[in-house]
Amino acid sequence: LRTKLEFKERARLLETSKIAQKIFNVSLEKKSNLCVAVDVDTADKLLDIAEKVAPHICILKTHIDAINGVTDATINTLQHLAKKYNFLIMEDRKMADIGNTVKLQYKKLVQWADLVTVHSVSGGMMLKGIHEVIKENADLLDSRGVFIVAELSCNGNLISEQYIKETVKIAEEYKDIVAGLVCQSYDVISSPSLLQLTPGVNIKNSNDNLGQQYQSPSDIILTKGADIAVVGRGIYQDSNPAEAAKVYKESLWNTYLERVSN
Ligand code: BMP
């Protein structure tokens with residue numbers, strides 16, 4: 001069973017993509033399966049939170065198009081932090097257009113984002129477009145990848161069982177560049193070489209007023225089968241984001257260890 005296998009073993013599987021391997025390895029090196037979503041509104045706040053949470057994360061997730069004042073220097077500093085503190089950067093753009101448009105959009109992201117997200121609604125061709133861009137940048141071949149959204153955490157979303165099944169098929173077809181799926185249930189991914197990234201984690205709240213639904217770290221790892229958990233407001237809105245990141249990291253990692261130990 002995927003959820004019972006250790007990251008160490010999953011990183012060694014032949015089917016595991018280079019980018020998924022890299023995530024497993026960073027996670028093991030830092031004993032962290034925490035991805036922080038830094039959904040702040042200015043570049044200064046982005047860099048401030050990034051630096052504070054950096055020692056505790058395996059992935060830093062951005063919605064860069066929602067942040068004011070982002071320049072090349074901001075991106076450079078973020079990349080510098082990623083190198084110094086050993087984490088990956090994921091731009092959560094959730095691209096969803098025809099292959100050619102996604103290809104154009106991705107050309108602007110490939111230079112700095114290790115990982116991007118896409119919706120599967122337009123089918124496999126957008127992944128073909130992304131793959132073409134990665135192949136054009138030979139030096140990035142083993143260090144770029146995609147997470148496909150298979151389920152959403154908000155209530156009222158339109159995703160159906162059929163959509164989820166077809167999304168998994170696309171992920172398997174493009175496994176060279178797909179690191180995993182963004183989803184909410186343990187039974188979406190069966191292949192141990194794909195990672196399950198699950199948002200909607202908060203220790204203090206159970207929802208917001210716009211449909212977000214939260215679960216605890218142990219629910220998300222044990223019941224929902226997440227490999228990596230995404231925490232946004234639970235950390236960046238805390239009065240001490242560094243300490244909050246540490247608390248989430250330890251709770252998530254200990255729950256992962258508990259999951260693979262029995
Ligand atoms: P928060 O913990 O503050 O609710 O943030 C969750 C983050 O995860 C946001 O960046 C959101 O865009 C993202 N996300 C989500 O909440 N649910 C999903 O199903 C998919 C997401 O990417």
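Numbering of residues begins at 1 and proceeds along the displayed sequence. Here the structure is a predicted model, which means the values were calculated and not measured.
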Enquirer: So Arg259 and Asp227, do their side chains get closer than 4.5 Å, heavy atoms only?
Expert: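 A side-chain contact under 4.5 Å exists here.
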Enquirer: Looking at Glu250 and Lys246, does any basic side-chain N land under 4.0 Å from a carboxylate oxygen?
Expert: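 Yes.
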Enquirer: Under the salt bridge (Lys or Arg N to Asp or Glu O under 4.0 Å) rule, what do Lys22 and Asp142 come out as? Steps first, then yes or no, please.
Expert: CA-CA 9 Å; Lys22 193 162 178 179; Asp142 292 338; over 6 Å; no
Enquirer: Can you pull out every salt bridge (charged side-chain N to carboxylate O under 4.0 Å, His left out) where at least one residue sits in residues 204-224? Sequence neighbours excluded, please.
Expert: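 As it turns out, the salt bridge (charged side-chain N to carboxylate O under 4.0 Å, His left out) pairs with a partner in residues 204-224, which skip direct neighbours, are Lys204-Asp238, Asp208-Arg233.
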Enquirer: Who pairs with Thr42 by side-chain contact (heavy atoms from CB on, under 4.5 Å), at least two apart in sequence or on another chain?
Expert: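 With neighbours one apart ignored, the set is Asp44, Lys45.
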Enquirer: Mind jotting down which residue pairs meet the salt bridge (charged side-chain N to carboxylate O under 4.0 Å, His left out) criterion with at least one end in residues 144-159? Sequence neighbours excluded, please.
Expert: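 Salt bridge (charged side-chain N to carboxylate O under 4.0 Å, His left out) check on residues 144-159 returns Asp114-Arg144.
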Enquirer: Just to verify, what does Asn25 make a side-chain contact (heavy atoms from CB on, under 4.5 Å) with, not counting sequence neighbours?
Expert: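 Only Ala11, Leu28, Glu29 meet the side-chain contact (heavy atoms from CB on, under 4.5 Å) criterion with Asn25.
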Enquirer: Does Ser239 have any side-chain contact (heavy atoms from CB on, under 4.5 Å) partners at least two apart in sequence or in another chain, and if so, which?
Expert: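 Applying side-chain contact (heavy atoms from CB on, under 4.5 Å) to Ser239 gives none.
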Enquirer: Among Thr62, Asp65, Val116, Val102, which one satisfies side-chain contact (heavy atoms from CB on, under 4.5 Å) with Arg93?
Expert: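 Exactly one option meets the side-chain contact (heavy atoms from CB on, under 4.5 Å) with Arg93, and it is Asp65.
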Enquirer: How would you list all residue pairs meeting side-chain hydrogen bond (donor to acceptor under 3.5 Å, both in side chains) that involve residues 95-108, not counting sequence neighbours?
Expert: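 Every pair satisfying side-chain hydrogen bond (donor to acceptor under 3.5 Å, both in side chains) with a residue in residues 95-108: Lys103-Glu132.
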Enquirer: Going by salt bridge (charged side-chain N to carboxylate O under 4.0 Å, His left out), name the pairs with one or both residues in residues 181-192, residues two or more places apart or in two chains.
Expert: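 For residues 181-192, and leaving out neighbouring residues, there are no salt bridge (charged side-chain N to carboxylate O under 4.0 Å, His left out) pairs at all.
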Enquirer: Mind checking what makes salt bridge (charged side-chain N to carboxylate O under 4.0 Å, His left out) contact with Lys52, not counting sequence neighbours?
Expert: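 For Lys52 the salt bridge (charged side-chain N to carboxylate O under 4.0 Å, His left out) partners, ignoring immediate neighbours, are Asp48.
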Enquirer: Taking Met95 as the starting point, is it possible to reach Tyr163 by hopping between hydrophobic residues whose side chains are less than 4.5 Å apart?
Expert: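 Linked within one cluster.
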Enquirer: For Val230, what residues pass the side-chain contact (heavy atoms from CB on, under 4.5 Å) criterion, not counting sequence neighbours?
Expert: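 If we apply the side-chain contact (heavy atoms from CB on, under 4.5 Å) test to Val230, skipping adjacent residues, the hits are Cys35, Ala37, Lys61, Leu197, Pro199.
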Enquirer: Would a single hydrophobic cluster contain both Leu152 and Val182, if residues Ile, Leu, Val, Met, Phe, Trp and Tyr are joined by side-chain heavy-atom contacts under 4.5 Å?
Expert: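 Per the 4.5 Å side-chain linkage, Val182 and Leu152 are co-clustered.
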Enquirer: Can you sort out the partners of Lys175 under salt bridge (charged side-chain N to carboxylate O under 4.0 Å, His left out), two or more places apart, ordered by chain and number?
Expert: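 Testing Lys175 for salt bridge (charged side-chain N to carboxylate O under 4.0 Å, His left out), a comparison that skips the adjacent residues, returns Glu15.
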Enquirer: Please identify each residue that fulfils ring-ring contact (aromatic ring centres under 6.0 Å, His included) with Tyr256, with sequence neighbours left out.
Expert: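 Tyr256 satisfies ring-ring contact (aromatic ring centres under 6.0 Å, His included) with Phe7, Trp253 only.
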Enquirer: Would you say Gln213's side chain and Ser153's backbone share a donor-acceptor pair under 3.5 angstrom?
Expert: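 Yes, the answer is positive, given that a donor and an acceptor are paired below the 3.5 Å cut-off.
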Enquirer: Output all residues satisfying salt bridge (charged side-chain N to carboxylate O under 4.0 Å, His left out) with Lys31, sequence neighbours left out; order by chain, then residue number.
Expert: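 Expected list: none.
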